[in-house]
Amino acid sequence: MERDVPPDAEIIGFDDQTITWQKPTGFARDPNAHPEWAAHIWSSARAALLSQRHRDDNTYAGALHAPPGTIVAFRTDAVYLTQPQNWPHHSQPGDYLNKGHLPGPIPAPTTEDELLTLRDKGRAAHHATPTTGRA
């Protein structure tokens, strides 16, 4: 039975009937794998929820620049607010885009399903009226 074991294999156990062995495979890192890039993009998007500078207008946008008490929720790349903001929009990646609006007052959502229902209603109402493209 030992003749069936490859020469570079490591025997990890045996008895009268069986030899258990493993062959080292080594570790080869994929030179094109860069998980740090995904982490950088994700963390940059999360940071932009709080604050981002618009150099062309010398203004800031994000949750830290919304009036106190107006933030309802955060999602991956969205801030849900109780009132529209006059944040600049230059059709650049990362700019806040006003995708919906509901005239209030309305009850605050207490679950994710309620938030998503309000989001869908706000988007439908927003598409029914003309917009300026500003958030």
Side-chain angles (χ1 to χ4, degrees):
M1 289 192 320
E2 287 184 33
R3 66 186 160 157
D4 295 332
V5 178
D8 59 343
E10 174 188 357
I11 297 174
I12 56 174
F14 63 91
D15 59 25
D16 293 337
Q17 301 292 323
T18 307
I19 296 176
T20 305
W21 56 271
Q22 67 182 12
K23 190 172 181 177
T25 58
F27 176 77
R29 184 178 184 278
D30 179 356
N32 297 316
H34 291 282
E36 70 277 11
W37 293 354
H40 173 75
I41 291 167
W42 183 86
S43 65
S44 295
R46 296 299 289 178
L49 287 174
L50 293 177
S51 182
Q52 59 178 277
R53 181 172 182 230
H54 292 268
R55 288 183 180 91
D56 295 342
D57 302 303
N58 195 27
T59 60
Y60 290 86
L64 292 176
H65 308 286
T70 62
I71 298 170
V72 176
F74 292 104
R75 300 282 292 175
T76 303
D77 61 351
V79 179
Y80 292 84
L81 303 166
T82 60
Q83 57 184 265
Q85 301 299 308
N86 194 23
W87 293 335
H89 187 270
H90 301 292
S91 299
Q92 297 294 318
D95 284 355
Y96 282 105
L97 177 62
N98 186 357
K99 290 190 171 184
H101 176 72
L102 287 175
I106 55 174
T110 57
T111 66
E112 184 176 22
D113 286 340
E114 289 176 3
L115 175 68
L116 297 178
T117 299
L118 287 175
R119 177 199 65 189
D120 294 343
K121 287 179 181 178
R123 285 182 178 176
H126 185 69
H127 290 299
T129 59
T131 63
T132 63
R134 299 190 79 164

Just do the salt bridge (charged side-chain N to carboxylate O under 4.0 Å, His left out) check on Arg75 and Glu112 with the steps written out, would you?
-> CA-CA 10 Å; Arg75 300 282 292 175; Glu112 184 176 22; 2.4 Å; yes
In Å and rounded to the nearest 0.5 Å, what is the NE2 to OH distance from His54 to Tyr60?
-> 10.5 Å
With sequence neighbours left out, write down each residue that passes side-chain contact (heavy atoms from CB on, under 4.5 Å) with Leu102, or none if nothing qualifies.
-> Ile106, Leu118, Lys121, Ala125
For the atom pair CD (Gln22) and CG (Asp8), what is the distance rounded to the nearest 0.5 Å?
-> 11.5 Å
Hey, mind stepping through Phe74 and Val79 against side-chain contact (heavy atoms from CB on, under 4.5 Å) and telling me if it holds?
-> CA-CA 5 Å; Phe74 292 104; Val79 179; 4.0 Å; yes
Decide yes or no on side-chain contact (heavy atoms from CB on, under 4.5 Å) for Ile71 and Leu81, but give the supporting numbers first.
-> CA-CA 5 Å; Ile71 298 170; Leu81 303 166; 3.6 Å; yes
Strictly by modelled atom types, are His89 and Asn98 linked by a side-chain donor-acceptor pair under 3.5 Å?
-> no
May I ask you to decide if Thr18's main-chain N or O and Asp16's side chain share a donor-acceptor pair within less than 3.5 Å?
-> no
Can you name the nearest heavy-atom pair linking Trp87 to Ala63, along with the distance?
-> CH2-N, 4.5 Å
State the NE2-NE2 distance between His127 and His101, to the nearest 0.5 angstrom.
-> 14.0 Å
Give the other cluster members for Leu116, using side-chain heavy-atom distances under 4.5 Å between Ile, Leu, Val, Met, Phe, Trp and Tyr residues; answer none if it is isolated.
-> none
Residue pair Pro88 / Asp57: nearest heavy atoms and the distance that separates them | CB-OD2, 3.0 Å
Hits for side-chain hydrogen bond (donor to acceptor under 3.5 Å, both in side chains) against Gln92, two or more places apart or cross-chain, chain-then-number order -> none
With a cutoff of under 4.5 Å between side-chain heavy atoms, which Ile, Leu, Val, Met, Phe, Trp and Tyr residues group with Trp37?
-> none
Step-by-step side-chain contact (heavy atoms from CB on, under 4.5 Å) determination, Asn58 to Arg53 | CA-CA 7 Å; Asn58 195 27; Arg53 181 172 182 230; 3.4 Å; yes
Those residues at least two apart in sequence (or on a different chain) that pass side-chain hydrogen bond (donor to acceptor under 3.5 Å, both in side chains) with Thr59 are none
Would you mind listing the cluster partners of Tyr80? Hydrophobic ones only (ILVMFWY), side-chain contacts under 4.5 Å, chaining allowed.
-> Val72, Leu115
Thr110: partners by side-chain contact (heavy atoms from CB on, under 4.5 Å), with sequence neighbours left out | Glu114
Sequence neighbours excluded, the answer for salt bridge (Lys or Arg N to Asp or Glu O under 4.0 Å) partners of Glu36 is none
side-chain contact (heavy atoms from CB on, under 4.5 Å) with Ser44: which residues, sequence neighbours excluded?
-> His40
side-chain hydrogen bond (donor to acceptor under 3.5 Å, both in side chains) involving Asp113 - partner list, sequence neighbours excluded | none
Could you list the residues that satisfy side-chain contact (heavy atoms from CB on, under 4.5 Å) with Ala9, not counting sequence neighbours?
-> Val5, Pro6, Trp21
Work out which heavy atom in His126 is nearest to a heavy atom in Gly100; give both atom names and the distance.
-> CB-CA, 3.5 Å
Among all residues two or more places apart in sequence or in another chain, which pass the side-chain hydrogen bond (donor to acceptor under 3.5 Å, both in side chains) test with Arg46?
-> none
